[in-house]
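Naming: A, B, ... by sequence-line order, numbering from 1 per chain.
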There are 2 protein chains.
Amino acid sequence: MSTRQSHRATILDVARAAEVSRQTVSNVVNSPHKVAPDTLVRVQAEIDRLGFRPSRAARTLKQERAGAWGLEIDARGAGRLGSVLDAFLVELTLTSSRNDTHILPFAAPDYREPIAAYEEVLASRLADGFILTDTRHDDPRPQWLRDRGIPFAAFGRVWDDPTETAWVDVDGAAGVETAVSHLVDEGYQRVAFLGWPTGSPVGDDRRAGWARAVDRLGVGDEAWQGVAVQELDAATLAARPLVDIVGPGGAIVCASDALAAGVWRAVHERGLRPGLDVGIVGFDDTDAARVLGLTTLRQPLTEITERVLAILLNAQTPPAAGTVLHPELVRRSSSSRTVIPPAR
Amino acid sequence: MSTRQSHRATILDVARAAEVSRQTVSNVVNSPHKVAPDTLVRVQAEIDRLGFRPSRAARTLKQERAGAWGLEIDARGAGRLGSVLDAFLVELTLTSSRNDTHILPFAAPDYREPIAAYEEVLASRLADGFILTDTRHDDPRPQWLRDRGIPFAAFGRVWDDPTETAWVDVDGAAGVETAVSHLVDEGYQRVAFLGWPTGSPVGDDRRAGWARAVDRLGVGDEAWQGVAVQELDAATLAARPLVDIVGPGGAIVCASDALAAGVWRAVHERGLRPGLDVGIVGFDDTDAARVLGLTTLRQPLTEITERVLAILLNAQTPPAAGTVLHPELVRRSSSSRTVIPPAR
DNA sequence: ATGTCTGATTTGAACGTTCATATGAGAGGA
DNA sequence: TCCTCTCATATGAACGTTCAAATCAGACAT
């Protein structure tokens, strides 16, 4: 039962087997160009035969870098509705695997006091830097990290510091503008907006996109907007008056799929049909959007993770400016005035 | 700009500051009972003052254990509908933080050939063992790990080996039985089932629960079942004949929320109302269920992660038997024949 | 006074790498 | 022939811990 943990090959085992020194094996792995061609193939053969991989711990110790990046996980757990961040973590893991590095997910015991958890990760030398998500106004993290010279890259703008460029974000305003244009093209004549309470930069950005678009296209009014937290019942409640305002032939764009789901319910309550009678567009392309058939704006997560990781892996040459990517409009039945058959 | 990475305190810094040896500091951290009380407080004060935490890498190297557990992430990425595994990863991270250990998410380049990726993680000494999810028939992983004496614990039964006890699972059959009983209590008279294609052990288990319950309660027929893959359009297509069979006053239980969402659409297509006319119950309590107001069975993820981690952290005393937990029925409007107002 | 035991603390060594430096073997020029 | 240079490979040291063994200081018994 208690079979001794099978002895894994070390660099010395390989060195002995190939009759070279440790350093030569190390060079084969890390600087192949320094090794004579025939030695290279001989050592590489032994590496493959023995299944040798450098011990991450030993390498970390010597090089004083962990080869891993911390990602704070919201301590409120999986109870949040329609978060795109779970998908981000998954995508980030995939991207990391391809870049010979790792993600260290960690949780702050109290999500309102995140710094202590970052401190802890650094003190244990578990990560070389961090990936920030959920950046916000008065976010203490960017400055704290910058002051200490700790590398980081953010998914989401670093809002309070325009000189900070280590971020990748999606142009929410442009995305919403695209959505409004699309709705107008589809024949909707009035476009309202349901967003989050003012103060969330992401939400405010998306709202600004709506305001600009309806102004430009003449399909809306400053007053046609509602506010709700990211919660279904609250969204439904806030959506009702908006549905009454725009009525059949109108549409509502939302700061999130969860809010759009609320609109969807309010539309149904009034005996109207999403799409056919009232257009709805959400944001993030979560499961909720797919099951409701909601048109939505999809963030290019794969590209985001690749760019975030690139910032960290080339930390010596910081980007000249933050990166803004465009979300992609995913058309579904909620923004079509004709029936789209659901099945093939 | 290139401020030298701030020098973090090592055990030697603390030792010098407290005027004791390295080993005494180590004892303060790891075996406080070995240290004289007054020395303890003095050293602890310096530890706190300097913010010392043992370097994980150095500890890993010396102890030959990583203090981390590998979790394979599905390389197909975040595109899957209604996966409960994202939530599992988040919950696991939170539980790990509380137990002074870590989760190492990693991806297999080809998800059909997972072993190589596990091999890689072990060879790099990145993890001491693994947490398996998505256990299935002909799963090569449990045996492979067992043969090598590598600790693991599974979320999901180890189906092919009844002697294996290192798993925690949810009683899907009992959950579905509960759902059927609930539907009968609510006044639905016929209960059909929409599941995944035969061969998925999780799906077969859930189907068995339905078969048992409808047989016992006399509310169904062996023939009243449909099959679809975990995809919305397929589910909608498969749901249509079932809706026609059970009709108003009938109900359909499903192997997942995604399938339930398909039923939900099919019910609407027929001009019927979920809940009021046709009952629907899903499985997993994903966002989709919340947004659609679907009654569903929630897996107790926090308890699952705690037990999974407990198995790994007490690997020397393997559990006597696999652990089966019960899912919790979450009642929403899709299983109520009277209107439940959505808002407060 | 001497020896023995116990508990607290210290010292030496090792975990597996990589960095910096040293050595060795040829090649080429004087 | 000898010196210099270059390229390939080898050696010593160090990263920060913890394990095992050694030392030290008292307490107690003889």
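The ring of Phe106(B) has its center closer than 6.0 angstrom to the ring center of Phe130(B).
Residue whose closest nucleotide on DNA chain C sits further toward the 5' end, between Val29(A) and Leu40(B): Leu40(B). Nearest-nucleotide assignment on DNA chain D puts the 5′-proximal partner with Glu19(A), out of Gln63(A) and Glu19(A). Remark on DNA chain D: of its neighbouring residues Ala36(A) and Arg22(A), the 5'-side contact belongs to Ala36(A), judged by nearest-heavy-atom nucleotide.
Spacing between atom CG of Leu61(A) and atom P of dT17(C) amounts to 12 Å, rounded to whole angstrom units. For Arg59(A) and dG16(D), the CZ to P distance is 18 Å, given to the nearest whole Å. Distance, Lys62(A) NZ to dC15(C) C1': 15 Å, rounded to whole Å. When the P atom of dC15(D) is taken as reference, atom CZ of Arg8(B) falls 18 Å away, rounded to whole Å. Taking atom CG of residue Asn27(B) and atom P of nucleotide dT17(D), one finds them 14 Å apart after rounding to whole Å. Residue Lys34(B) contributes atom NZ, which lies 15 Å from atom C1' of dT6(C) at whole-angstrom precision. If you measure from atom CZ of Arg42(B) to atom C1' of dT9(C), you get 11 Å, rounded to the nearest angstrom. At whole-Å resolution of the value, CG in Leu12(A) and C1' in dG12(D) are 14 Å apart.
Within 4.0 Å (heavy atoms only), Arg53(A) reaches sugar-phosphate atoms of the nucleic acid but no base atom. Looking at heavy-atom distances under 4.0 Å, Thr60(A) makes no contact with the nucleic acid at all. Within 4.0 Å (heavy atoms only), Thr24(B) reaches at least one base atom of the nucleic acid.
Side chain of Gln23(A), nearest nucleotide from dC19(C), dT17(D), dT17(C): dC19(C). The nucleotide whose nearest atom lies closest to any side-chain atom of Ala58(B) is, among dT10(C), dT11(D), dT17(D), dT17(D).
The phosphate of dT11(C) has neither OP1 nor OP2 within less than 4.0 Å of any side-chain N or O from Ser21(B). OP1 and OP2 of dC15(D) both lie 4.0 Å or more from every side-chain N or O belonging to Thr10(B). Taking only side-chain nitrogens and oxygens, Ser55(B) never comes nearer than 4.0 Å to OP1 or OP2 of dC15(D).
Between Asp161(B) and Thr163(B), the side chains place a donor N or O and an acceptor N or O closer than 3.5 Å (distance only, hydrogens not considered). Side-chain contact of Asn30(A) with Arg59(A): a donor-acceptor pair under 3.5 Å is present, judged by distance alone.
For the salt bridge (charged side-chain N to carboxylate O under 4.0 Å, His left out) test with Arg8(A), the passing option among Glu120(B), Glu64(B), Glu119(B) is Glu119(B); the others fail. Evaluated for a side-chain contact (heavy atoms from CB on, under 4.5 Å) with Ile103(B), the options Val90(B), Thr305(B), Leu92(B) yield exactly one hit, Leu92(B).
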